[in-house]
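One structure below.
Chain identifiers are assigned alphabetically (A, B, ...) following the order of the sequence lines, protein sequences preceding nucleic acid strands; residue numbering begins at 1 within each chain. This is a predicted model, so every value here is computed, not measured.
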There are 2 protein chains.
Amino acid sequence: MATIKDIARRAGVGVATVSRALNRNGYVKPDTLAKIEQVAEELGYVPNRQARAMVNGATMTLGILIPDMDNALFMRIVRGINDAAYPKGYSLLVMDSRGNPEWERQILRTMQELRVDGLILFATPGTAELVRSIRHRIPIVVLDRLIPGSDVPQISVDHYQGARLAADLLIRQCKYPPAMLTGPELVTSSHPRLQGYLDSLKAVGLSTKDARTELGGFTYEGGYHGMTKLLADRRSLDGVFAANDLSALGALRAIRDAGYQCPDDIKIVGFDDIEATRYIYPSLTTIRQPMDAIGQAALHMLSQQMDGEPVTENLILLPGELIRRESC
Amino acid sequence: MATIKDIARRAGVGVATVSRALNRNGYVKPDTLAKIEQVAEELGYVPNRQARAMVNGATMTLGILIPDMDNALFMRIVRGINDAAYPKGYSLLVMDSRGNPEWERQILRTMQELRVDGLILFATPGTAELVRSIRHRIPIVVLDRLIPGSDVPQISVDHYQGARLAADLLIRQCKYPPAMLTGPELVTSSHPRLQGYLDSLKAVGLSTKDARTELGGFTYEGGYHGMTKLLADRRSLDGVFAANDLSALGALRAIRDAGYQCPDDIKIVGFDDIEATRYIYPSLTTIRQPMDAIGQAALHMLSQQMDGEPVTENLILLPGELIRRESC
DNA sequence: ATGAAAGCGCTAACAA
DNA sequence: TTGTTAGCGCTTTCAT
């Protein structure tokens with residue numbers, strides 16, 4: 001691989017001149033500049049970012065830690081980050097922890113070794129203290145799966161408000177108190193969604209005894225199993241709030257397999273608004289997460305920190321939006 | 001950020017000793033090793049990979065270029081790569097070109113600047129020559145969207161064979177010659193899938209005049225529009241091969257919106273077997289891509305090249321598998 | 001068993 | 001306008 005040294009020798013100039021020419025800073029006589037560019041071209045020169053990073057600090061890479069690359073919501077958000085980061089010259093280093101806390105620790109370590117300029121992560125409870133220690137060295141922003149009570153900058157859809165929207169709609173549309181397919185206990189976004197559901201019941205005078213929950217686990221399969229359980233014990237059930245779209249799709253399937261119809265027999269409301277929800281039948285009524293806005297906000301917050309500016313707010317909750325379709 | 005120099009000073013030893021100790025190579029007296037580790041711990045030392053890479057060449061990062069991060073199939077494959085690469089200490093640098101050839105060029109450039117140890121990419125026609133020039137500098141493997149006629153190592157499901165499977169099934173199950181929703185003209189995997197469809201028709205004595213194709217574009221929306229067109233001109237249509245699952249889902253929706261039923265009125269077969277296909281209604285009969293196998297094979301081929309071994313085969317075609325479900 | 005020093009590719013003073 | 005030089009953090013001879 002050709003280096004600036006090679007170019008310098010071949011062009012008969014010093015390395016500094018080459019550097020100046022290629023980076024277009026400092027004075028360089030047009031002739032020499034042309035010559036240098038020509039030689040660089042001939043040699044197929046490609047600058048080495050590692051070396052550059054060593055001297056001026058910035059690697060121009062952003063680390064992203066996701067619990068599951070194969071999740072439509074996460075990747076949709078990451079795409080938003082990518083689209084916002086790319087024009088600024090940042091590259092994304094995406095690593096998937098598969099929800100494994102130990103892997104997560106290692107990944108966070110690797111990100112530091114790579115000296116990423118900023119870190120965006122979907123947290124898990126096991127990461128909380130780790131994040132606390134890292135944030136003093138690297139700008140961080142936590143997305144979607146928040147760390148409750150932490151003062152790390154965090155951005156997310158308002159899980160609670162979204163859940164209220166969903167539950168309120170179901171209560172209005174159903175004869176009986178709706179049930180809920182909850183997210184995994186260990187995922188923080190599960191909690192405000194559950195709380196929203198419970199509070200909506202309370203708001204119309206229903207007691208927690210009227211609440212019925214089953215684990216949906218944020219997956220197709222979990223939703224399927226949870227719904228199947230709900231159906232097995234059918235105490236007048238005609239509405240279900242699935243904590244995310246994946247589990248909603250699983251639930252839809254379970255309803256059908258059990259011989260019922262959605263929305264006629266049972267109505268469903270999901271959460272996230274992943275693309276598939278528009279095309280399936282019945283199309284899914286759901287709470288839309290502002291994915292692009294989240295991605296942009298994340299990058300914005302990170303930029304602020306990287307520029308040394310104080311972060312204005314450290315918890316941004318973007319409102320979810322109710323999207324009505326066929327399932328409720 | 002603490003450096004080995006800091007550790008050396010504080011531990012009262014030379015930097016070389018620190019390096020040896022931390023990397024556990026060369027002789028280091030147990031006492032000094034302990035001391036060094038302790039100091040490193042105190043200082044919260046995290047090695048700088050850039051610096052390490054500068055001296056020993058390897059960055060331990062693999063670059064991945066995808067045309068769309070938000071595509072279930074691609075990310076499923078990338079996840080497979082991730083799972084195979086992670087244990088070997090490699091980090092993935094994932095960049096999304098959004099199918100834009102110009103972005104693609106720049107990304108490939110960036111990957112080189114970052115000195116990734118290997119490159120995995122889903123090609124587009126515009127990349128072909130670029131890839132040719134890069135492959136002499138960086139180990140490369142092309143996935144799924146192949147470069148026809150190139151001798152770059154490539155891995156993919158056998159698009160043609162899979163398409164034959166799909167079309168043969170439809171021909172068997174339908175009264176009339178099936179139609180096809182094709183992929184984008186510019187995406188190479190579209191071609192063998194189309195060819196398979198045409199050849200299947202031919203194999204049962206149907207002429208190309210019996211073939212009916214409409215652009216499905218590999219997207220939900222494209223599938224929806226394409227199917228709508230097919231339906232508008234309804235010459236006894238009762239079977240459709242959608243070139244991928246996304247367009248199949250779009251088509252399913254179009255069928256329903258037009259007042260028809262799948263599979264009763266029209267049967268559908270997709271391609272890819274993304275996770276959603278199992279849960280929607282009707283569940284989708286499709287051709288399964290061996291995604292994990294593709295990911296593993298990709299990493300294997302890359303490893304071979306990185307180790308300087310000659311690549312045994314430069315085109316691996318993995319068979320697609322017919323998965324029968326409700327749609328046909 | 002350990003330290004001194006060279007050098008990886010590049011940028012940024014500092015001179016000239 | 002250009003060249004020389006000193007690092008950036010680390011690994012690796014080569015001495016000791």
- Using a 4.0 Å heavy-atom cut-off across all strands, classify B/Asn48 as base, sugar-phosphate, or nothing. sugar-phosphate
- Minimum-distance nucleotide (side-chain atoms of B/Met54 versus C/dA1, C/dC8, D/dT11): C/dC8
- Message: In whole Å, I'd like the distance from the CG atom of A/Asp6 to the P atom of C/dC10.
- Response: 9 Å
- Query: Hey, is the main chain of B/Ser19 close enough, under 3.5 Å, to the side chain of B/Asn23 for a donor-acceptor pair?
  - Reply: yes
- Most 5' of A/Val15 and A/Lys5 on DNA chain C, judged by nearest nucleotide: A/Lys5
- Item | Rounded interatomic separation in angstrom, taking CG from B/Leu43 and P from D/dG9 | 13 Å
- Item | Nearest-angstrom distance from the residue atom CD of B/Gln50 to P of D/dG7 | 21 Å
- Message: Please classify the nucleic acid contact of B/Ser19 as base, sugar-phosphate, or nothing, using heavy-atom distances under 4.0 Å.
- Response: base
- Task: Map A/Ala16 and A/Tyr27 onto DNA chain D by nearest heavy atom, then report which one ends up closer to the 5' terminus.
- Result: A/Tyr27
- Query: Taking CG from B/Leu22 and C1' from D/dT12, how many angstroms apart are they, rounded to a whole number?
  - Reply: 16 Å
- Item | Short side-chain N/O contact from A/Thr32 to OP1 or OP2 of D/dT2, under 4.0 Å | yes
- Item | Side-chain (B/Ser156) to main-chain (B/Leu143) donor-acceptor, under 3.5 angstrom | no
- Item | Shortest side-chain distance from A/Thr3, nucleotide among D/dC10, C/dG3, C/dC10 | C/dC10
- Backbone N/O of B/Ile147 and side chain of B/Ser150: donor-acceptor pair under 3.5 Å: no
- Message: With hydrogens left out and only the distance checked, is there a donor-acceptor pair under 3.5 Å joining B/Arg20's side chain and the base of C/dG3?
- Response: yes
- Query: Can you check whether B/Ile81's main-chain N or O pairs, donor with acceptor, with B/Gln296's side chain at less than 3.5 Å?
  - Reply: no
